[in-house]
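Contents: one structure, followed by commentary.
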Amino acid sequence: MSDTSDNDRYNIRATESKWQKIWNDNNAFKTDDDSDKEPFYVLEMFPYPSGAIHVGHVRNYTLGDVVARYKRAKGYNVLHPMGWDAFGLPAENAAIERGAQPATWTYENIAVMRGQLKLMGLSLDWDREIATCHPDYFKHEQAMFLDFLKNGLAYQKESTVNWDPVENTVLANEQVVDGKGWRSGAAVERKNLKQWFLKTTQFADELLSELDNMPDWPERVKTMQKHWIGKSEGITFSFDISGPDLASDEKLPVYTTRIDTIMGTSFAVLAPEHPLSLKLAETDKDAEAFLEECSTMGTSEEAIERAEKKGFKTPYTVRHPFTNEDMPVYIGNFVIYTYGTGAVKSAPAHDERDFDFATKYGLPIRPVITGAGFEDGKPFTSKGTLVNSDEWDGLTSDEAITKIIACMEKMGIGEGQTNYRLRDWGVSRQRYWGCPIPVVYRTSDGACVPVSKDQLPITLPDDVDFSQHGNPLDNHPTWKHTTCPETGEPAIRETDTFDTFFESSWYFARYTDPRNENKPFEASKANKWLPVDQYIGGVEHAVMHLLYARFFTRAMKHCGYLDIKEPFKGLYTQGMVNHRAYKNADDKWVFPSDIIKNDDGSLSEKGSNLKVTAGAVIKMSKSKKNVIDPTDIFESYGADAARLFILSDSPPDRDLEWSEAGLDGAWRFINKLYRSVQDIVDKPVDNDVDNELARKAHQTISGISDDIENFHYNKSVARIRELYNMAEQVGMDDDAYTYALQTIVQLLSPIVPHLCEELWENLGHKTPLYLSDWPTFNEAYLIDENVTIGVQINGKVRGTITVPTDIDKDTLEKEAMNDDHIAKYLNGKTVRKIIAIPGKIVNIVVSDAA
RNA sequence: GGCCCCGUGGCGGAAUUGGUAGACGCAAACGACUUAAAAUCGUUCGCCCUACGGGCGUGCCGGUUCAAGUCCGGCCGGGGCUACCA
């Protein structure tokens, strides 16, 4: 009988703070760079200091902490740091809303959130903590940017940008989702601005091909990046183009991946922004009106855009390179200026868009490819066999592509070409709370001059007025006025700041040498620790942060900062945390913590007593009030219970439904285990017993290592509970009971660290668990003496037999046939065949006796 | 529209990768302890039937195999990414 008096009860809060203090006082998780142990770097995506941690953070950091603690116990020298992705717009909004300076607001949030994270008992090296908004961090970033400039990896150009009218800033292509700003949700506008770019396209091919050498990344993330980089191979060739105001030798280059349809080409289409379109609009009012129409359509109405292809017939004509036919040239709203050459050749029989367009404007549709599924009167877009194509008739599309490219290259009118969808990364933001871009513009001639490294850091002014419209740095009375580092003449600072993804593109490297004052990090340290062995975070960063960081690492290598090119060897993407949302009778959302369960099972709201109805399980969000404050959970259940529940319920890559009942279950198990261990604290542990329970324990140790390495934490927990259940089943008198329980304490320690340290100490161990090795198992005990296997008749399981594990095939066959239950089934049947596989199955194939 | 992933009890999910489907947990029901409740412990828990037995069963239809949740083909349903990239 368990004694459940208060004295004997597990005191979560005392125990958790006791161990947190011990870990802290002993620098338990401080990483020693000089250790001989094999290095292992585990990192979770660092948080934005928004003010409080949420359950998603708890999930993320728990996942990483299990890896860190497990690897440490396995003998690795583990680097597990934490820091703050501290620049960003919410700080400015807070400044506008409540007058706080962004820096103050941010550092206060960091202090609060650091305290919250410490309640989780994470095995972090807090000495390496960084905040990206601190000059000690971003001064290195500014220096790095200057090196990028020097190496041609950063440049400035005027370009059409995605303008977010709510955030009042430019967005990168990656930050535009469905034509809307990724944070604000506002429809993105087009604007022409001078912008700084990082040359991501320089490594486009590497960024793509290296994905094939990254087995420890999720397939779907790799697929997303592949699509985003969007490599295609084709040819750029030039039409002779003629028309009013054109030179006699004017050319129109177009890019196509389907040059095999060249003989079916019957017109060409220009993008509205194409120079020839613009030129025409200067003199042609109708053309001008059409371009106007195209630009107002915007990007947000893709559906409408897709539905209707519109064109404007220009007075230009192009000459077909092989038939010499003169073909019309249109301006089309569906041609993308920034891809390829901004103009296309159209073979309407073999392209959906060209087909729609040709149908609408009555242009010739000439099939030149045929194959399975070809239907007259419909576009046939697959590759096939060429017809109506003179000398290329009968070739497959791929053969024809090779030959026609060679032919056009010989004629000197075209060249095989690889194109990418990936654009260079625009990093300028018209915001205050970001890293200043270290260049100035000389007043006398407007020249853009990089600041010299010894003038870094360029820091932000801390007396900024947010009440005015526009970029606060630009509005500041004095900040931007400076002198040219080359000539000493008056100059104006760049008032744009970096996209905040800039900071997160290299922070993982800074952690390897976080207090280095002279450079971002010592190359030897970065090379020792990087790439990050295990990186963990949300899948929403698949094409933003994760691609930028990959580019940045290559850029740093290019500039000699380090020798590695991929930042993250292993990547794990966790699912979201969902929770049921509740509404009261007034149709208002209700916090779960404000709900009372009535005796009849119905729900009502605390205070108002209104009836509450349960809605769908959806992503936690403040607006739906279906949020849980992790610190409430730590208070009432403890961090251990929260960690255990989060890991035991769902596989970590799937969405998790937060449930109070599930948390209760975790809490119950923690208390059961605590009580069970209290009953054996004085008993000796014999770790070399050979019985059923001992074997189960050895099997559990073996199985769990596999589970943890593969992030199957829910299975790990299930295994541990199985072992616990079996131990309780056989009882305290079993020779292996104490061994089994002690093993559970060890195996559970990465997941439930405070409780396990306490129990380990209760069991009389002088060395704390965080300094102890992972338990080992004896191979010989992994195999049970007997095994129960199923016996099938005609593929249907009709019974089971328990036989020695090492039984041979013939004996197994006999055992199965002799089993009473089975024999009954065989009565009156003819046995045709017996499949007997030791350790797995017996299947007896029978037919009715003749 | 294109590409990819996924459909297993009331629920979250297991199933050694073709070999006893439903581990482990949650919820539920019943029982024990208790003046009572909580806590704890025990039993039951895929569906159906004429229940110590038997039939059916992993979205649906078909196929391969001694054997299919697992492999193949076709549907249906859900999710993700992408959205005129020539």
Side-chain angles (χ1 to χ4, degrees), chain A residues 1-5 9 177-179 218-221 223-228 230-232 234 254-259 261 269 299 302-303 305-309 332-347 350-354 356-357 381 419-423 539 542-543 617 644-645 648-651 654-657 659-666 668-669 671-672 675 703 706 712 714-725 728 787-801 832-837 839-846:
Chain A
M1 268 285 107
S2 291
D3 181 354
T4 56
S5 71
R9 245 208 169 136
V177 180
D178 272 348
E219 276 312 316
R220 62 180 181 141
V221 173
T223 308
M224 282 189 233
Q225 292 210 352
K226 280 179 189 173
H227 286 165
W228 192 261
K231 180 178 184 172
S232 80
V254 297
Y255 172 75
T256 181
T257 56
R258 291 298 303 276
I259 196 66
T261 63
V269 190
T299 41
E302 334 85 40
E305 255 186 276
R306 176 163 46 94
E308 194 162 14
K309 303 227 172 339
N333 63 348
F334 63 96
V335 178
I336 298 163
Y337 178 58
T338 51
Y339 187 77
T341 63
V344 297
K345 67 117 188 73
S346 289
H350 305 291
D351 183 282
E352 298 273 1
R353 296 153 300 183
D354 296 347
D356 290 350
F357 197 82
T381 58
N419 259 332
Y420 298 92
R421 189 178 168 275
L422 183 72
R423 294 282 103 78
V539 74
V543 286
V617 176
L644 179 61
F645 164 65
S648 56
D649 205 52
S650 297
R654 288 200 209 167
D655 286 355
L656 168 77
E657 183 190 342
S659 86
E660 278 65 25
L663 184 62
D664 276 331
R668 279 198 292 269
F669 182 69
N671 281 286
K672 278 199 280 191
R675 287 194 298 267
D706 265 14
H712 296 156
N714 55 327
K715 288 201 275 179
S716 309
V717 175
R719 268 184 218 277
I720 290 171
R721 295 182 94 127
E722 269 185 74
L723 175 59
Y724 179 79
N725 290 348
E728 292 306 304
V787 62
T788 301
I789 67 170
V791 181
Q792 301 178 324
I793 290 168
N794 288 347
K796 279 207 177 305
V797 179
R798 294 300 183 185
T800 56
I801 52 173
R832 299 281 173 204
K833 194 173 173 184
I834 302 176
I835 290 106
I837 300 165
K840 290 199 167 169
I841 200 84
V842 178
N843 190 8
I844 304 166
V845 184
V846 301

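We name chains A, B, ... by the order of the sequence lines, and we start the count at 1 in each one.
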TODO: Please figure out whether A:Ile259 or A:Ser659 has its closest RNA chain B nucleotide nearer the 5' end.
DONE: A:Ser659
Open item on the list: What contact category does A:Gln792 fall into here, base, sugar-phosphate, or nothing, at under 4.0 angstrom with non-hydrogen atoms?
Closed with: base
- [ ] Would you classify A:Thr223 as touching base, sugar-phosphate or nothing, given that sugar-phosphate means primed atoms plus P, OP1 and OP2, and contacts are heavy atoms under 4.0 Å?
- [x] nothing
Open item on the list: Between B:A51 and B:A36, how far apart are the two P atoms, rounded to whole Å?
Closed with: 39 Å
Open item on the list: By nearest atom, which of the nucleotides B:U82, B:U20, B:C85 is closest to the A:Arg353 side chain?
Closed with: B:C85
TODO: Report which part of the nucleic acid A:Arg719 touches: base, sugar-phosphate, or nothing (heavy-atom distance under 4.0 Å, all strands).
DONE: nothing
Task: Integer angstrom distance from the P of B:G63 to that of B:G78 - done: 28 Å
- [ ] Using the C1' atoms only, state how far B:A28 lies from B:G12, rounded to an integer number of Å.
- [x] 16 Å
- [ ] Would you classify A:Thr788 as touching base, sugar-phosphate or nothing, given that sugar-phosphate means primed atoms plus P, OP1 and OP2, and contacts are heavy atoms under 4.0 Å?
- [x] base
Open item on the list: Between B:C5 and B:A86, how far apart are the two C1' atoms, rounded to whole Å?
Closed with: 28 Å
Task: Most 5' of A:Asp354 and A:Ser650 on RNA chain B, judged by nearest nucleotide - done: A:Ser650
Open item on the list: Applying a 4.0 Å non-hydrogen cut-off, can you work out what A:Asn843 is touching in the nucleic acid: base, sugar-phosphate, or nothing?
Closed with: base
Open item on the list: Taking the side chain as everything from C-beta on, heavy atoms only, tell me whether A:Met224 gets closer than 4.5 Å to A:Val539.
Closed with: yes
Open item on the list: Regarding A:Val791, tell me which of base, sugar-phosphate or nothing describes its non-hydrogen contacts under 4.0 Å with the strands shown.
Closed with: nothing
- [ ] With the side chain counted from C-beta on, respond yes when A:Tyr255 and A:Ser232 share a heavy-atom pair under 4.5 Å apart, and no when they do not.
- [x] yes
Open item on the list: Between B:A14 and B:U8, how many Å separate the two P atoms, rounded to a whole number?
Closed with: 11 Å
Open item on the list: Nearest to the side chain of A:Lys309, heavy atoms from C-beta on, is which of B:C81, B:C84, B:U20?
Closed with: B:C84
Open item on the list: Heavy atoms from C-beta onward define the side chain here; which of B:G12, B:A14, B:C85 lies closest to that of A:Pro651?
Closed with: B:A14
Open item on the list: Taking donor-acceptor contacts at under 3.5 Å, does the side chain of A:Lys715 reach the base of B:C24?
Closed with: no
Task: Nearest-Å distance once atom C1' is located in both B:A15 and B:G69 - done: 9 Å
- [ ] For A:Asn725, answer base if it contacts any base atom (sugar-phosphate contacts may also be present), sugar-phosphate if it contacts only those atoms, and nothing otherwise; contact means non-hydrogen atoms under 4.0 Å.
- [x] sugar-phosphate
TODO: May I ask you to say what A:Val344 touches in the nucleic acid, namely base, sugar-phosphate or nothing, with a heavy-atom cut-off under 4.0 Å?
DONE: base
Task: Any A:Thr256 side-chain heavy atom under 4.5 Å of A:Val344 side chain - done: no
Open item on the list: Under 3.5 Å for both donor-acceptor distances, Watson-Crick or wobble: does B:G18 have a partner, and if so which one?
Closed with: none
TODO: Identify whether any heavy atom of A:Lys672 sits under 4.0 Å from a base atom; if not, whether one sits that close to sugar-phosphate; answer base, sugar-phosphate or nothing.
DONE: sugar-phosphate
TODO: Ignoring backbone atoms, test whether A:Arg798 places a side-chain nitrogen or oxygen under 4.0 Å from the OP1 or OP2 oxygen of B:G55.
DONE: yes
Open item on the list: Once you apply a heavy-atom cut-off of 4.0 Å, does A:Thr256 come out as touching a base, just sugar-phosphate, or nothing?
Closed with: sugar-phosphate
Open item on the list: With rounding to the closest Å, how many angstrom separate the C1' atoms on B:C76 and B:C61?
Closed with: 10 Å
Task: Minimal non-hydrogen separation, A:Asn714 against A:Ser648, with atom names - done: CB-O, 3.5 Å
Open item on the list: Are A:Ile801 and A:Ile789 packed together at the side-chain level, in the sense that at least one heavy-atom pair is separated by less than 4.5 angstrom?
Closed with: yes
- [ ] Describe the nucleic acid contact of A:Gly665 in one word from base, sugar-phosphate, nothing, applying a heavy-atom distance below 4.0 Å.
- [x] sugar-phosphate
Task: Validation row: A:Asn333, A:Phe357 side chains within 4.5 angstrom (heavy atoms) - done: no
Open item on the list: Any strand counts, and the cut-off is 3.5 Å on both contacts for Watson-Crick or G-U wobble. Which nucleotide pairs with B:G7?
Closed with: B:C76
- [ ] Please measure how far the C1' atom in B:G55 lies from the corresponding atom in B:G2, and state the result in whole Å.
- [x] 46 Å
TODO: Measure the distance from NZ on A:Lys345 to P on B:A86 and round it to the nearest whole Å.
DONE: 11 Å
Task: Residue pair A:Thr261 / A:Ala347: nearest heavy atoms and the distance that separates them - done: OG1-CB, 3.4 Å
Open item on the list: Taking atom types as they are modelled, would you say the side chain of A:Arg258 forms a donor-acceptor pair with the base of B:A86 within the 3.5 Å cutoff?
Closed with: no
